[in-house]
Amino acid sequence: MPLIDIDRQPELNRVFVGRKRELKAFEDAAHAIPDDRCGVLVFHGLGGLGKTWLCEEIRRALAADPNYAQVTAGLVDLRTKADADKRDELKALIFVRDAFAAAGLEFPVFDLSLALTWEANRSEEPFPRLKNFWLGWTTGAAHDMIGEGAGDAKDWLSGEQVAGLLGEEIGKIPFVGTLLKRGGLWAFAKGKIRYLYAAHGELKRLHEAQTGALKSPDDLRKLLPAMLAADLNRAAKSGERKRLILLVDEYERVFAHGGAGGLFGEDRFDRSIRDLLGNCDRLLAVFFTREALPWSAGTKLGALLAGNQHRLDGLSCAEADAHLAALPIADVALREAILTGAKDGDDSVYPLLLEMQVDHWAAQIASGATPNAASFVFADAGFGERLNEMVRRFLRDYGEPIQATLSRLAFLRRFDRDCFRFVLTEFATGLALDVFDRLAKLSFVSPAGDGWLALHARIGEAIALLQGEDFASGTCKALFGHFDRRAMAAGPREVTEAHEASLLEAQALAVAAGMSGEDYLSWLVTRSEPSRLAARHGHCVGVYETALRELTILLGPDHPSVAATLNNLALLQQAQGRFDAALPLFQRALTIYEKALGPDHPDVATTVNNLALLYRAQGRFDTALPLYQRALTIKEKALGPDHPSVATTLNNIARLHHAHGRL
């Protein structure tokens with residue numbers, strides 16, 4: 001059949017239907033948010049059940065219903081966030097902050113705390129661009145503003161009221177200190193710093209009580225959730241019975257450890273969110289996710305989940321029929337055929353199947369055909385078989401060019417305009433480039449952030465499964481080559497977010513493209529090295545966590561390449577001051593190396609040496625020394641007494657003695 005122009009499809013009235021039980025649960029929770037703690041509500045279920053649909057309906061109600069006039073809502077849509085950011089505890093807080101900043105809230109305490117914490121933990125990484133940044137960004141003009149406000153603030157900061165609190169750390173207050181040392185300058189209206197420390201006593205928690213010095217980088221990081229909660233609590237109490245509601249869509253995306261999660265630590269993003277909510281009052285957090293939240297029942301937040309986790313099932317036939325009638329599809333027999341094909345059991349309609357049926361109907365309208373009931377009927381089959389058959393019908397509806405293009409894009413997690421152009425050219429699909437701008441009109445294509453698009457995961461999987469092995473292998477190799485080329489950065493100064501986004505896509509394709517486990521790790525180290533040298537540790541942590549899962553599956557949990565990945569991941573955690581996260585990674589790497597290579601292998605010595613460096617950074621000199629000595633013994637035996645690596649370990653031992661006062 002001829003190519004269907006997407007623009008010719010009828011404008012569908014995709015109204016929200018059903019979910020009365022879930023909407024009532026939300027309404028009850030929203031009107032019963034406690035004054036002295038937060039509330040938690042969870043809607044969970046498989047992909048394609050309409051969780052995002054429900055989230056959008058709740059947002060619409062919050063904006064339009066006068067019963068929510070005293071509510072301020074923020075949305076964190078994790079579909080649009082980079083994978084590395086969804087494993088970053090600071091980004092978790094920034095996402096929440098920006099969601100409410102977009103609704104008009106201000107964050108003076110958090111913004112200053114984040115600035116100091118970022119400087120202490122990630123000074124070489126670019127500071128994130130925040131919505132409505134309270135401290136203010138400027139360039140050269142900041143000098144005048146700094147001068148205007150500095151005297152007032154300095155006079156106050158040097159007074160008796162704060163004597164002994166800040167001490168020499170006054171230099172770390174942004175208008176005069178280390179936060180000015182990079183290219184951009186911080187600018188403040190007159191008295192902002194004075195106001196902050198005078199009005200917000202919680203900032204004292206950033207400083208040691210006795211010396212006034214800023215706390216350690218790790219302690220500053222751990223305090224950030226409480227600092228964000230302080231701003232949120234203040235906003236919630238600023239009006240008469242004001243309340244805050246946080247919506248978080250597709251929360252399953254933060255649980256990225258897979259089977260390795262139990263071995264190598266909890267999800268830091270999730271922990272940061274839990275720490276934030278544990279400090280919040282008058283806030284309701286609503287999560288939309290595939291699985292019930294795994295928060296321990298013995299904790300404060302875990303107790304709040306009891307009775308508040310609602311599983312989504314399919315739509316009732318009556319609800320689904322009302323949806324079809326509102327599109328509108330007037331033919332009762334046609335609606336019945338559509339519903340029969342979309343059923344998930346006798347009495348339940350699966351929303352994803354229903355939407356695919358609707359797309360099939362719209363495509364027939366766009367082609368000039370008259371839809372008939374027979375084309376929506378399926379032989380008795382399970383959900384997977386019917387979804388596959390529905391995808392086949394859909395692809396046929398749109399003709400060869402779109403079919404050929406989607407069959408390639410189905411192997412990607414997401415794609416942008418450059419990738420779309422590559423697919424059209426490399427595989428000669430015959431589709432026009434401007435179709436990219438219109439793909440999001442299809443119900444199973446959605447924005448994925450920063451100009452990227454993504455196919456619905458279940459539909460993408462179904463399309464990919466319809467292709468043969470040779471087709472899949474050739475497609476993945478070509479797409480891997482495309483993103484691999486885009487991931488190459490000449491050096492650390494040239495690294496951009498575009499390089500890193502491309503690396504993540506290439507990494508997702510590497511194994512499917514035929515790369516072996518050892519080659520995969522070697523390639524990944526090379527490609528991620530510019531980002532590591534640029535101190536873009538958040539990105540690198542995400543890359544190596546993904547590699548850890550892949551290599552554990554490919555090579556088994558006790559392979560030396562798994563140990564090397566653990567070691568690299570631990571070094572990245574240590575570089576960010578996350579000693580508690582780094583320690584079990586080093587220990588696991590050491591156990592694997594000893595088992596696989598023997599206790600006297602140089603790789604064992606390297607890991608022992610890294611463990612010693614970690615303990616030294618924590619000030620645990622007596623624990624570090626025997627590890628250095630063990631590393632020295634192994635290296636002397638394996639490499640000879642005159643090897644440069646032996647000299648490095650000797651130097652480390654000497655520096656440890658010097659730091660411990662053993663001159």
Side-chain angles (χ1 to χ4, degrees), residues 37-40 42 74-78 80-101 105 107 109-118 120-122 125 127-128 130-131 202 205-206 215-233 244 246-257 261 264-281 283-289 293-296 299-302 304-305 537-539 541-542 545 569 572-573 575-582:
R37 55 182 171 80
C38 74
V40 180
V42 180
L75 169 68
V76 176
D77 186 352
L78 291 171
T80 65
K81 309 302 183 187
D83 284 352
D85 290 344
K86 287 175 286 199
R87 290 185 285 276
D88 186 324
E89 69 267 48
L90 298 191
K91 292 294 179 65
L93 302 175
I94 290 170
F95 292 161
V96 175
R97 178 220 176 275
D98 280 355
F100 283 110
L105 301 191
F107 295 89
V109 169
F110 178 74
D111 287 0
L112 177 58
S113 302
L114 177 65
L116 294 170
T117 301
W118 199 275
N121 286 273
R122 307 184 184 182
E125 291 188 48
F127 188 79
L130 306 178
K131 293 182 186 294
E202 56 266 31
R205 297 178 63 189
L206 302 176
K215 290 187 174 178
S216 70
D218 193 47
D219 285 341
L220 288 174
R221 182 173 51 80
K222 290 177 180 177
L223 281 170
L224 266 187
M227 296 298 152
L228 179 55
D231 283 324
L232 290 171
N233 291 342
L244 305 178
L246 172 66
L247 307 175
V248 187
D249 194 17
E250 299 213 4
Y251 196 65
E252 71 274 2
R253 293 174 182 257
V254 311
F255 297 102
H257 292 283
F264 307 122
E266 64 180 342
D267 294 272
R268 293 185 303 278
F269 190 107
D270 180 63
R271 181 184 62 202
S272 193
I273 293 293
R274 284 186 278 121
D275 289 345
L276 168 64
L277 297 182
N279 285 282
C280 283
D281 306 326
L283 181 145
L284 173 65
V286 187
F287 296 90
F288 303 85
T289 183
L293 291 187
W295 299 349
S296 172
T299 63
K300 174 182 175 182
L301 288 176
L304 295 179
L305 289 176
H537 297 129
H539 163 75
V541 165
E545 286 179 336
L569 185 54
L572 290 167
Q573 300 285 21
Q576 296 179 86
R578 297 170 178 158
F579 301 131
D580 291 344

Donor-acceptor check, side chain of R268 to backbone of E89, threshold 3.5 angstrom: yes or no? no

Apply side-chain contact (heavy atoms from CB on, under 4.5 Å) to the pair Q576 and V541, showing each step before the final yes or no. CA-CA 10 Å; Q576 296 179 86; V541 165; 3.4 Å; yes

Tell me, please, which residues at least two apart from K222 pass side chain to side chain donor-acceptor pair (under 3.5 Å). D218

Roughly how far, to the nearest 0.5 Å, is CG of L223 from CG of N279? 9.5 Å

Using side-chain contact (heavy atoms from CB on, under 4.5 Å) as the criterion, list what pairs up with A120, not counting sequence neighbours. P217, L220

Working to the nearest 0.5 Å, report the span between CG of L93 and CD1 of I273. 6.5 Å

Is any side-chain heavy atom of W295 closer than 4.5 Å to one of L277? yes

Counting distance only, does the side-chain N/O of K91 pair as donor-acceptor with the main-chain N or O of K86 below 3.5 Å? no

Sequence-distant partners of F288, ring pair (Phe, Tyr, Trp, His ring centres under 6.0 Å), two or more places apart: F43

Is a donor on one side and an acceptor on the other found under 3.5 Å between the side chain of T289 and the backbone of E252? yes

F269 side chain near L78 side chain, heavy-atom distance below 4.5 Å: yes

Is the shortest heavy-atom distance from the side chain of R122 to the side chain of L90 under 4.5 Å? yes

By side chain to side chain donor-acceptor pair (under 3.5 Å) - contacts of S296 (at least two apart): none

Please enumerate all residues that pass side-chain contact (heavy atoms from CB on, under 4.5 Å) together with A575, with sequence neighbours excluded. H537

Roughly how far, to the nearest 0.5 Å, is the CG atom of L246 from the CG atom of L284? 8.5 Å

Residues L276 and A229: closest non-hydrogen pair is CD1-N, 3.7 Å

Steps toward side-chain contact (heavy atoms from CB on, under 4.5 Å) verdict (L232, L283): CA-CA 8 Å; L232 290 171; L283 181 145; 4.2 Å; yes

Taking only residues two or more places apart in sequence, or in another chain, which ones meet Y251 in a ring pair (Phe, Tyr, Trp, His ring centres under 6.0 Å)? F255, F287

Please round to the nearest 0.5 Å and tell me the distance separating atom OG of S113 and atom CH2 of W118. 14.5 Å

Main-chain N/O of F110 paired to D231 side chain as donor or acceptor, under 3.5 Å: yes

Salt bridge (charged side-chain N to carboxylate O under 4.0 Å, His left out) involving D281 - partner list, sequence neighbours excluded: K237

Under the rule for side chain to side chain donor-acceptor pair (under 3.5 Å), what residues qualify as partners of N233, not counting sequence neighbours? none

Name all residues meeting the salt bridge (charged side-chain N to carboxylate O under 4.0 Å, His left out) criterion together with K81; count only those two or more places apart in sequence or in a different chain, and write none if there are none. none

Gap separating the CZ atom of R253 from the OG1 atom of T80, nearest 0.5 angstrom: 9.0 Å

Rounded to the nearest 0.5 Å, the CG atom of L244 sits from the CG atom of L105 at a distance of 6.0 Å

Strictly below 4.0 Å, N to O, side chains only: are E202 and R205 in salt-bridge contact? no

D219: which residues meet the salt bridge (charged side-chain N to carboxylate O under 4.0 Å, His left out) condition with it, sequence neighbours left out? none

Report yes if some heavy atom in the side chain of P128 is under 4.5 Å from a heavy atom in the side chain of L130; otherwise report no. yes

Tell me every residue that passes side-chain contact (heavy atoms from CB on, under 4.5 Å) with L304, counting only those two or more places apart in sequence or in another chain. R37, C38, V40, L301

Output all residues satisfying salt bridge (charged side-chain N to carboxylate O under 4.0 Å, His left out) with D98, sequence neighbours left out; order by chain, then residue number. none

Going by heavy atoms in the side chains, are L116 and L206 under 4.5 Å from each other? yes

